[in-house]
Each structure stands twice: as structure tokens, then as C-alpha cells.
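Below is one structure, written out as C-alpha cells; comments come after it.
Residue numbers start at 1 and run along the sequence shown. All values below were derived from every heavy atom in this structure, side-chain atoms included, with hydrogens, water molecules and symmetry-related copies excluded.
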Amino acid sequence: MVAFSDLLSYDNVVFRSYVFWSTVLIMKTLAMAFLTGRQRFKNKVFANPEDAGKYKAKVKFDDPDVERVRRAHRNDLENVFPFILVAFFYVLTNPEAALAINLFRAAAVARIVHTLVYAVFVVPQPARGLAFFVCLGSTLYMAFKTLVYFA
């Protein structure tokens with residue numbers, strides 16, 4: 001049995017990979033606010049009268065471009081946090097390094113692709129669905145393995 005402190009150590013390649021890819025996903029999720037702002041300025045639509053007045057724009061809550069980015073951002077909030085939490089628990093199971101690292105990598109790259117095909121360069125389905133399910137599948141696999149380990 002591996003000590004808890006060894007699992008959460010810089011020497012553990014699985015933990016280092018987890019920290020790296022989780023941080024990438026957090027930064028990507030935070031960047032979504034800038035994508036929303038870019039669409040608001042590009043389309044000259046704002047949610048608050050004081051912002052609209054300052055930039056000679058209009059108040060509008062249903063601009064399709066802004067709402068698309070907001071939906072992608074919300075999708076990140078609904079999926080990135082569960083991934084980060086489940087992946088942390090998965091690290092505690094002392095998984096095989098290559099598998100764990102590839103699960104973290106696949107989930108993070110899938111979330112980045114999801115944003116690109118949903119909010120940046122709109123690509124028809126099934127691109128967005130495939131990206132969504134790669135991350136979801138990785139998260140569910142890790143959740144199942146963690147449940148079995150700690151049962």
C-alpha cells in the first residue's frame with residue numbers, strides 16, 4: 001500500500017499530470033469570460049445599460065453569438081469541476097501511470113476541442129458531441145474505478 005503523502009507528491013508522475021491538466025482546464029474555463037466579452041464588443045450588445053451606454057451599444061440578452069459562448073462556458077462549469085474532483089480521487093487509487101496520464105490528457109484536450117468547435121469555430125455535429133463524450137467517458141471511468149477501489 002502506498003502512503004497518502006506519496007500519492008500527492010511532486011515525485012508522483014500521476015499527481016503531477018493531474019495538477020498540470022487540471023490547471024490547463026481551469027485556465028481554459030476562466031478564458032471563457034474573455035470570449036464572451038469579445039462577442040459582446042464585436043456585436044455591440046451588453047447585458048447592462050451602463051456598459052451599453054459607455055460603448056454606444058444596446059442592451060440585449062439574446063444575441064446568438066454571445067449566448068453560444070455563454071452556453072459553452074456553462075458547459076465547462078458543469079463538466080470541468082466534476083472532472084477535477086473525480087480525477088483527484090482517482091489519483092488516490094494509485095492508478096497505472098500511463099492510463100491515468102492519458103485519461104487526464106484526453107479529457108483536457110476534449111474540453112479544449114469542445115470549446116473550439118462550439119464557441120470559436122462553429123463546426124457541425126458530431127464534433128461537439130464527440131468532444132463532450134470523450135471527457136465525460138474519462139470522468140465516468142475514473143469515477144467507477146474510484147468507487148470500486150474504495151468500496
Side-chain angles (χ1 to χ4, degrees), residues 1-43 45-48 51 60-151:
M1 181 138 226
V2 177
F4 181 77
S5 59
D6 292 337
L7 293 173
L8 302 180
S9 160
Y10 184 77
D11 295 328
N12 182 354
V13 295
V14 173
F15 181 66
R16 283 200 330 259
S17 180
Y18 161 76
V19 170
F20 176 82
W21 288 110
S22 293
T23 303
V24 166
L25 284 177
I26 290 167
M27 291 174 57
K28 189 209 85 57
T29 302
L30 291 172
M32 295 302 291
F34 294 102
L35 277 177
T36 303
R38 183 182 81 169
Q39 287 299 331
R40 288 193 182 285
F41 279 99
K42 177 181 159 193
N43 296 345
V45 294
F46 293 89
N48 301 302
D51 297 333
K60 188 173 180 184
F61 300 104
D62 61 351
D63 181 81
D65 296 330
V66 172
E67 290 308 308
R68 176 174 282 278
V69 175
R70 287 171 40 90
R71 287 191 307 273
H73 192 180
R74 185 174 59 237
N75 193 277
D76 271 352
L77 296 173
E78 293 167 353
N79 290 279
V80 170
F81 176 72
F83 163 79
I84 290 171
L85 192 57
V86 166
F88 178 76
F89 294 150
Y90 183 63
V91 169
L92 300 179
T93 70
N94 194 25
E96 194 269 311
L99 176 61
I101 291 166
N102 283 318
L103 285 168
F104 302 156
R105 183 180 296 137
V109 169
R111 288 310 307 173
I112 292 166
V113 168
H114 183 272
T115 295
L116 290 174
V117 301
Y118 193 9
V120 180
F121 310 105
V122 179
V123 175
Q125 287 286 27
R128 187 175 81 240
L130 291 172
F132 172 81
F133 283 112
V134 167
C135 183
L136 180 63
S138 298
T139 304
L140 289 174
Y141 175 83
M142 290 185 292
F144 175 76
K145 296 300 277 187
T146 301
L147 284 172
V148 168
Y149 182 87
F150 285 104

Practice item. Could you tell me whether the side chain of Phe144 reaches within less than 4.5 Å of the side chain of Leu140, counting heavy atoms only? Key: no
Review point. Does the side chain to side chain contact (heavy atoms under 4.5 Å, CB included) test come out yes or no for Asn79 and Phe132, once each step is laid out?
Key: CA-CA 9 Å; Asn79 290 279; Phe132 172 81; 3.5 Å; yes
Review point. Relative to the ring of Tyr90, is the ring of Phe104 parallel (under 30°), tilted (30 to 60°) or perpendicular (over 60°)?
Key: perpendicular
Check your understanding: Do the non-hydrogen side-chain atoms of Arg111 and Asn75 ever get within less than 4.5 Å of each other?
Key -> yes
Revision key, fill the gap. Taking every heavy atom of Tyr18 against every heavy atom of Ile84, the minimum-distance pair comes out as OH-O, 3.1 Å
Point to revise | Pairwise side-chain contact, Leu103 with Thr139, heavy-atom cut-off 4.5 Å (strictly under) | key: no
Practice item. Examine distances only and state if a side-chain atom of Asn12 and a backbone atom of Leu8 form a donor-acceptor pair shorter than 3.5 Å. Key: no
Exercise for review: For Gln39 and Val69, work out which heavy atoms get closest and say how close.
Suggested key: CG-CG2, 3.7 Å
**Study point:** Thr115 and Lys28: CA distance, side-chain angles, deciding distance, side chain to side chain donor-acceptor pair (under 3.5 Å) verdict
**Key:** CA-CA 9 Å; Thr115 295; Lys28 189 209 85 57; 2.5 Å; yes
Review point. What pair of heavy atoms forms the shortest contact from Val86 to Ala143, and how long is it?
Key: CG1-N, 3.4 Å
Review point. In Å and rounded to the nearest 0.5 Å, what is the CG to CZ distance from Leu25 to Phe20?
Key: 10.0 Å
Check your understanding: Could you state the interatomic distance from OG1 (Thr93) to CG (Leu7), rounded to the nearest 0.5 Å?
Key -> 8.0 Å
Practice item. Could you tell me whether a side-chain N or O of Ser138 sits under 3.5 Å from a main-chain N or O of Val134, the two making a donor and an acceptor? Key: yes
Study note, to complete from the structure: Value for NZ (Lys145) from CD (Glu96), rounded to nearest 0.5 Å, stands at 11.0 Å
Practice item. Answer whether the closest heavy-atom distance between the side chains of Met142 and Phe83 falls below 4.5 Å. Key: yes
Review point. Is there a side-chain contact between Phe46 and Lys60, using heavy atoms and a 4.5 Å cut-off?
Key: no
Point to revise | Heavy-atom side-chain contact between Leu130 and Val117 under 4.5 Å | key: no
Practice item. With Arg16 as the cation and Tyr10 as the aromatic partner, state whether NZ or CZ is under 6.0 Å from the six-membered ring centre and within 45° of the axis. Key: yes
Review point. Can you tell me how far the CG atom of Leu35 sits from the CE atom of Met32, to the nearest 0.5 Å?
Key: 5.0 Å
**Study point:** Nearest atoms (heavy-atom pairs only) where Phe34 meets Leu30
**Key:** CD1-O, 4.0 Å
Point to revise | Student check: side-chain heavy atoms of Phe81 and Leu85 closer than 4.5 Å | key: yes
Practice item. Might you point out which heavy atoms bring Arg71 and Tyr118 nearest each other, and give the distance in Å? Key: NE-OH, 3.0 Å
Review point. Taking atom CG of Leu136 and atom NE2 of His114, what is their separation to the nearest 0.5 Å?
Key: 11.0 Å
